[in-house]
Amino acid sequence: MNGFGYAVDALAAWLAGGEPGWIALTIAVLAVWVVPILLLVFPIAALGQILERKIAAAIQRRVGPSSAGLDGPLRFGFRVLLFFLPRARQDRIFAAFCNLRPVRSLLLVSRRLGLGQFVADGIKMLGKEDIVPTGADGIVFRLAPYLALAGAFLPFCVVPFGQHLVMLETEVAALFAIAVSGIVVVALKMAGWGSGSKWSLLGGMRAVAQLVSYEVPIGLAVGGVVLWCGTMDLHAIVGQQYEPGVFSLLGWNVVQSPFLATLAAVFFIAGLAECQRSPFDMAEAESELVSGFNTEYSGLRWGLFAMAEYTEMLLIGALLATLFFGGYQSPIGEEWIVGLPVWLEVPIHGAILGVKVVTVFLVMMWIRWTLPRFRVDQVMRLSWLVLVPMCLVSMFGLAVTLLAAGGTHAGEAFGRVASRPRPDLHWLGHLAAWAVPVAIGACLVVMAKKKHGQVHPALQRLTGGRS
Amino acid sequence: MILAWIHDVVEAVQSCVSGMRTTGRFLVENLRGEGGAMSATREYPEQPAEVVGDRQRGHLVNDADRCIVCHACDTVCPVDCFKMDGERDGDNKMRASRFDIDLSKCIYCGLCVRACPTDSLSMTRTFEMDPQHEGKRFLFRRNSKQVDVRFDAPEMERLHALAAQPREALSAEDRAWLDARIDDRGQHLIGIYGLGFFTPEQKAEADAAREAKKKAKDAAAAAAKAKAAAAAAAAAPKPASVPAPAAGATPAAPAAPPAAPGAPPATKSGPDAASGGSPTP
Amino acid sequence: MTIEASTPSGERMTLNMGPHHPATHGVLRIVVESDGEVVATCTPDHGYLHRSIEKIGECVEWPMFVPYTDRVDYVCAMNANLAYCIAAEKLLQSDPANTFVVPRRGECIRVLVAELNRISSHLVAVGAMAMDVGAYTPFLHGIAQREGVNDIFEKLCGQRLTYNYVTIGGVAYDLYDTAIDEIRRFLDQFEREMVRFNKLVTTNTIFRDRCASVATVSAAEAIAWGLVGPNLRGSGVDFDLRRDEPYGIYGELGVQVPVGQAFAGRKGSVGDAYDRYVVRLLEILESIRLCRAVLELLPPAAAKANDPIGGWQADVGKQVKRPPKGEVHVRTEAPRGEMGYFLVSDGTKALFRVRCRTGSFTAAGIFHHVMRGIFLADVVAVIGSFDIVVPEIDR
Ligand code: SF4
Ligand code: SF4
């Protein structure tokens with residue numbers, strides 16, 4: 001084992017025909033990880049863009065992308081496949097193929113859904129002129145999008161996609177993910193500064209201020225999980241959420257304690273802020289800063305920024321799922337998957353994680369098309385006065401819960417504890433762990449509502465009597 | 001203070017959730033096409049815009065038979081769209097020998113229609129100005145310098161007919177004829193509204209022709225009579241392109257726009273028809 | 001939230017917002033000097049949409065100016081038509097020889113379309129403000145609802161934006177056959193839809209907190225700066241021309257006037273952006289009520305459906321042989337506040353002087369005052385809250 005996961009080891013061993021050297025290892029890592037991740041995440045992020053546009057359209061009673069179907073890519077595919085035939089023949093075969101009834105209706109549907117849009121967008125982006133403004137700081141300006149993309153991609157190294165599918169098994173995986181995604185801060189600052197535009201500069205400043213302050217709640221939320229699980233190894237954290245039986249859902253961190261649920265919410269909100277999504281999209285606030293830090297970008301570089309944003313959304317989804325929602329484990333029992341051969345188990349686990357990630361992704365879009373944008377000071381206040389206190393209270397609560405359960409795991413946090421069981425609470429203990437904080441919270445909420453909850457009658461009238 | 005804090009948080013969560021419920025409902029409604037909540041927008045060129053009501057103020061059309069060249073419309077038009085000449089026909093009734101409406105100036109206010117004493121002027125439901133709409137090409141590029149030369153009716157018909165066909169299908173002769181009447185950008189037919197075909201020489205030619213015509217008219221009333229008769233004759237086979245210039249402009253439109261309100265069934269293509277007796281390029 | 005702009009070095013950044021900025025509602029240009037995120041000074045720069053409409057008014061005949069009033073404020077063209085026509089009627093009637101009166105049905109229809117147009121104009125205002133604050137969905141839903149009004153207007157007069165419907169002495173057409181039903185149906189459906197709109201954005205805490213206590217204009221300031229309409233009422237001044245100087249049949253309708261009352265609760269103050277916003281929403285509700293009331297009052301149709309009611313072409317033009325000399329100033333309550341027309345006639349066919357007074361103009365005048373010390377992000381929200389329509393400023 002060298003920490004690159006089962007698949008890499010196997011491939012490297014096969015390549016080297018024995019103990020793998022570093023060349024075999026590199027090739028194996030590239031083959032197993034980098035290329036598939038790029039090949040997977042890019043299209044997923046691109047498809048995400050279509051999905052977002054379609055969802056936005058549906059929410060706003062519009063149509064959305066509706067013309068670009070898969071005809072073009074398909075024709076291209078035929079061209080490539082039938083390269084040995086003359087063009088006219090190719091076209092005739094293609095036409096015949098398209099005229100098959102199922103194909104035709106599929107193409108029609110793809111056109112209605114605008115599925116080809118991302119191909120078209122991609123080609124458009126590649127074809128656009130790459131403009132570097134006169135006042136821009138060339139190197140910084142050019143480098144920024146790649147850094148942003150790197151910052152969004154690198155944390156995927158430590159996300160476990162399946163039992164045998166972790167690129168980098170390390171004890172400090174959680175820390176690594178947070179730390180590496182910090183590169184994005186630098187990238188955005190570079191973009192803002194390097195563009196030589198005031199709008200970009202303001203956007204960059206906002207981005208930095210926002211990202212840096214939201215690292216704190218994210219860190220604290222992850223810290224809470226680490227406190228609970230006693231490890232920073234994401235794979236171990238996933239392993240700890242294993243619950244035998246059909247109700248494996250009950251093993252997930254988010255149902256362990258209301259404090260962990262709170263942390264999950266905090267993590268999600270802070271994650272939204274980390275990927276600059278609405279309502280935290282101040283850095284590219286369209287109606288204020290034109291387009292913020294990427295105002296001056298065009299073509300491929302702009303595309304890379306967009307890609308980085310979507311990749312980061314996927315990343316936040318993956319981390320959220322890993323930390324709080326059982327990672328790649330299915331909610332309806334794990335045994336039936338674990339027993340399967342590797343070639344079946346890997347895609348199933350991957351797909352389960354994918355479903356969780358996409359769900360988070362969808363919720364993010366849903367939020368984006370619902371909520372207005374925060375103001376700069378409100379974003380800061382939300383981070384420091386709401387999320388951080390929530391995290392602290394939750395961590396305190398978690399610690400108390402752990403103490404009550406008879407023991408603390410914090411001391412062992414850095415140990416490799418993949419097989420260590422979850423803090424073992426009796427079902428009564430679980431009940432208490434939920435009931436007590438919820439009861440206290442509910443009391444406080446009721447009191448607060450009583451004291452401050454009056455709504456202006458005019459507003460009540462506007463919302464149809466009830467507020 | 002803590003209570004206020006808690007209240008703020010709870011309220012924020014509540015309001016966000018209620019907002020998300022609303023958008024969620026929008027989403028579901030839209031996906032299911034419920035309550036008329038299907039998309040409120042239209043994919044415009046493919047799905048033509050819907051014209052509601054029968055008072056649509058679209059492109060103007062003049063029924064040249066009824067027009068008495070009283071200039072009421074000209075007077076009331078805030079932007080001076082009209083250019084008209086009249087001549088007396090056999091029974092000493094004023095007829096428009098020329099009636100140009102510069103639709104590129106028109107603000108579609110409808111004042112002229114309200115002013116017209118004979119109801120010869122009316123507004124159609126056509127408002128389409130996209131030259132490429134539905135593959136039918138017609139002019140909408142024209143400024144006030146580009147005036148005065150018009151096609152006569154048979155030429156207009158030929159123009160409409162050719163414009164409706166794909167270019168490849170045209171014979172070489174037709175294509176050449178058409179090309180001579182297409183503006184330099186190659187797409188927009190000039191003059192479908194009877195608005196002219198313009199090069200400076202042609203304008204000069206047309207001006208000269210009109211002058212000559214006026215003189216001729218002064219000289220010989222009989223000649224004028226004959227000319228009016230010829231104009232009527234030229235206009236007579238016109239109903240092929242009824243009912244409105246709109247229909248003329250989009251000759252192969254799947255459903256020809258309905259007739260202009262108040263226009264008789266055999267209305268001529270307003271300005272075009274009115275220009276029947278005028279010189280041709 | 002107001003922060004004094006202060007930098008030790010006094011360094012400031014000049015930002016040029018507009019004329020082609022996504023959030024400046026047309027072609028408004030604002031030169032912002034900012035200290036980082038905090039606005040130090042903010043100077044609106046007008047004139048990008050100037051079309052000499054007032055001068056044109058001196059060149060065209062009386063009734064020919066009506067289409068131009070559409071363009072003074074194309075978001076509420078009916079109200080603009082109405083204001084000019086009332087002024088022209090008043091001037092014509094100043095000569096006792098001109099005996100025409102606007103028929104009662106015409107008066108009712110005028111109020112009806114004015115209120116419908118107020119609804120559609122306020123929908124743009126609140127929707128655009130929500131969009132400036134970053135919520136895109138409400139804007140599109142507002143616009144979708146506005147299409148309902150536009151459809152009614154298109155059936156009524158053939159156009160969706162520049163109506164040229166109200167004429168001197170009446171209206172251009174009677175209501176079409178199904179109009180009353182359709183308007184009722186629209187109002188019912190619209191009222192329900194507004195509840196969802198408000199749940200989506202008005203009561204949203206993010207939106208509320210963004211607007212609360214931003215660009216607060218006290219009542220005294222509002223009067224001093226000449227704010228009108230919802231902007232004035234948002235500051236708590238209880239003044240509405242429809243009630244206080246009623247024209248048309250407004251006197252019989254008992255207009256209720258909403259005023260700003262610190263709707264944002266303990267975080268807000270009277271006269272902040274949120275108050276102006278909520279006042280607009282409440283005015284929409286009031287307009288719905290007024291429309292319904294007018295439909296009750298509407299006298300039965302006398303003429304054929306397509307005939308004009310009153311109006312220059314129908315009979316006023318025949319009665320008026322020669323326009324009188326004199327001058328008149330008429331104020332009406334348009335969605336953006338007082339829309340006044342000052343007409344001077346020298347007895348010829350064309351007016352000697354036309355002057356319009358519009359709400360956005362004074363609202364833009366107060367920008368540099370209220371924008372000092374707010375956040376850059378709030379500049380657009382404040383523009384939205386004053387409901388600036390640029391052609392109204394420039395004319
Ligand atoms: S509709 Fe108005 S602008 Fe157009 S020609 Fe008639 S009067 Fe002139
Ligand atoms: S169209 Fe009507 S108003 Fe115009 S000249 Fe002819 S008859 Fe007179």
Please work out which of the three classes, parallel, tilted or perpendicular, describes the rings of C:Y341 and C:Y84, given edges at 30° and 60°.
-> perpendicular
Quick one: of B:S18, B:S15, B:C16, who has the most non-hydrogen atom pairs under 4.5 Å with chain C?
-> B:S15
Check whether C:E147 gets within reach of chain B through its side chain, its backbone, both or neither, counting any heavy atom under 4.5 Å.
-> neither
C:E182 versus chain B, heavy atoms under 4.5 Å apart: side chain, backbone, both or neither?
-> neither
Any ion pair linking [Y] and [X] (charged N to carboxylate O, less than 4.0 Å)?
X	Y	value
C:E191	C:R184	no
B:R57	C:E154	no
C:D174	C:R105	yes

Checked C:H141, C:E61, C:R71 vs chain B; the most non-hydrogen pairs under 4.5 Å come from C:H141
Answer key: most heavy-atom pairs under 4.5 Å with chain B among C:I143, C:L156, C:I56 is C:L156
If you draw the axis of the six-membered ring of C:F197, does the NZ or CZ of C:R192 fall within 45° of it and under 6.0 Å from the ring centre?
-> no
